[in-house]
Every structure is written in structure tokens, then in C-alpha cells.
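Structure record follows, encoded as C-alpha cells.
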Amino acid sequence: MRKIDLLPEPLTASRFAQFGEVISANGASYPINGGTTQRFHRQATVERNDGEAIISVFQAQPRSLPMKITMMERHPLGSQAFFPCDDQPYLVLVCLGDNAPDPDTLRLFSVQGQGVNYHAGTWHFPLLSLEAVRNFWVVDRVGHGNNLDEHSFSDDVEITISEYRSHSE
Ligand SMILES: NC(=O)N[C@@H](O)C(=O)O
Ligand code: NI
């Protein structure tokens with residue numbers, strides 16, 4: 001049995017770029033509304049492939065750690081963005097892979113005060129909220145075609161998330 005114990009790394013736009021975009025009130029902005037508001041413009045782009053982009057609220061139960069990761073999913077027809085309604089930490093787990101998620105490319109990110117927008121087709125684990133029941137705004141795509149591709153890892157690999165504090169803390 002091959003064991004993979006995932007260690008979180010702090011989320012940055014450059015580290016996440018091949019998987020999607022980071023949404024935050026950091027970086028370039030410009031004043032609008034007579035200077036009463038700063039616009040952090042176009043943090044992410046919604047991919048919808050002629051479907052509709054919708055906004056939902058996910059009320060997420062906290063995950064208990066350690067936890068086993070047995071599957072990943074992707075949305076081939078649209079992006080999926082999550083933005084937390086508070087600044088408590090949560091986790092984002094993604095990986096590469098053409099026809100199936102590649103466990104050797106798994107990346108676990110610890111996230112606080114930022115959102116993420118998965119590119120269409122990015123392998124990810126469903127929402128990994130922590131510590132308490134929490135709300136997230138979600139922007140994703142509905143419409144024709146199958147927009148959910150789930151894939152289980154093979155039984156000869158055991159993937160674990162043991163903790164959520166990033167190892168640089
Ligand atoms: N099922 C659903 O809408 N959510 C997942 O896609 C997820 O990534 O959390
Ligand atoms: Ni998803």
C-alpha cells in the first residue's frame with residue numbers, strides 16, 4: 001500500500017495558476033463610486049460553455065481531520081468558484097491528470113480570507129470546510145451536458161489529510 005500524507009501549503013496565485021485563480025482584496029485595485037470603494041477588478045473569469053453562470057450559497061459542515069481522500073471530481077463544462085463568508089481557514093485540494101486524477105500531482109492548499117475559482121476541468125476535492133458550519137458563496141455553471149466527472153483513486157494508494165495548518169506557519 002502506497003501512502004501519501006498531504007501537507008498544506010499557503011495558497012498563492014502563482015502556485016494555483018495551473019488549477020485556477022485566487023480571489024482576494026489584495027493586489028491591484030482602483031477607486032470607484034467617487035472614491036468610496038476600491039475595485040479589485042476581474043479576480044477570476046467564469047467559464048460556462050453556453051450554460052448559465054449561477055450564484056449559490058453552500059452551508060458546509062466542518063470536515064474532521066485526519067481524513068482519507070478516496071476520490072476527486074472535475075467540472076468539464078464550467079469553472080467553479082468558492083468564496084468564504086468569513087476569514088476562517090479552509091482547505092483546497094487539487095491535482096492534474098488527463099483522464100483520471102494523478103495522485104502524484106496532488107496539491108493541498110491552506111486558505112484564509114481568499115476565494116478560489118477552479119478552471120473548467122480542474123480535478124478537485126469537494127468543499128473542505130473546517131472547524132464550524134460555514135457559508136461559502138459559489139459561482140458555477142448549469143446547463144446542458146454532464147458537468148460532473150467523479151473518479152476514485154485505486155485501492156493501492158492511501159491518501160490522508162492529517163492537519164490543516166500550513167507547514168510554513
Ligand atoms: N456538488 C457541488 O455542487 N459541489 C462540488 O462541485 C464541490 O466542488 O464542492
Ligand atoms: Ni466541484
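In each ligand, atom 1 is the first atom listed, and ligand 1 is the first ligand listed.
- Among Met72, Arg74, Glu150, Gln80, the residue whose heavy atom lies nearest to atom 8 (O) of ligand 1 is Gln80.
- Ion pair Asp156/Lys3 not flagged as a salt bridge, since none of the NZ, NE, NH1 or NH2 atoms sits closer than 4.0 Å to an Asp/Glu carboxylate oxygen.
- Of all protein heavy atoms, the one closest to atom 9 (O) of ligand 1 is Leu127 N, 3.1 Å.
- A salt bridge links Lys68 with Glu158: at least one charged nitrogen is closer than 4.0 Å to a carboxylate oxygen.
- At least one N or O atom of Glu73 sits closer than 3.5 Å to an N or O atom of ligand 1.
- Counting protein heavy atoms under 4.0 angstrom from atom 1 (N) of ligand 1 gives zero.
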Determine whether Thr160 and Asp5 satisfy the following criterion, side-chain hydrogen bond (donor to acceptor under 3.5 Å, both in side chains), listing intermediate values before the conclusion. CA-CA 5 Å; Thr160 308; Asp5 190 5; 5.2 Å; no
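- Below 3.5 Å of separation, one finds an N or O of His124 facing an N or O of ligand 1.
- Of the charged side-chain nitrogens involved, none lies within less than 4.0 Å of a carboxylate oxygen, so that Arg141 and Glu47 do not count as a salt-bridged pair.
- Counting only distances under 2.8 Å, and ignoring water, the protein N, O or S atoms around the Ni ion (ligand 2) are Glu73 OE2, His75 NE2, Gln80 OE1, His124 NE2.
- Atom 4 (N) of ligand 1 has its closest protein heavy atom at Phe58 CE2, 3.4 Å.
- Note: His41 and Tyr30 have tilted aromatic rings, judged against thresholds of 30 and 60 degrees for the angle between ring planes.
- Centroid-to-centroid, the aromatic rings of Tyr118 and Phe19 stay 6.0 Å apart or farther.
- Remark: the Gln112 side chain and the Asp87 side chain contain no N/O donor-acceptor pair separated by less than 3.5 Å.
- Atoms of ligand 1 lying under 4.0 Å from any heavy atom of His75, numbered from 1 in the order shown and given with element: 6 (O).
- Heavy-atom distances between Tyr118 and ligand 1 stay at or above 4.0 Å for every pair.
- Salt bridge annotation for Asp86-Arg134: present, with a cationic side-chain nitrogen under 4.0 angstrom from a carboxylate oxygen.
- Within 6.0 Å of CG in Asn99 there are 12 or fewer heavy atoms belonging to other residues, nucleotides or ligands.
- Phe136 has its ring centre less than 6.0 Å from the ring centre of Tyr90.
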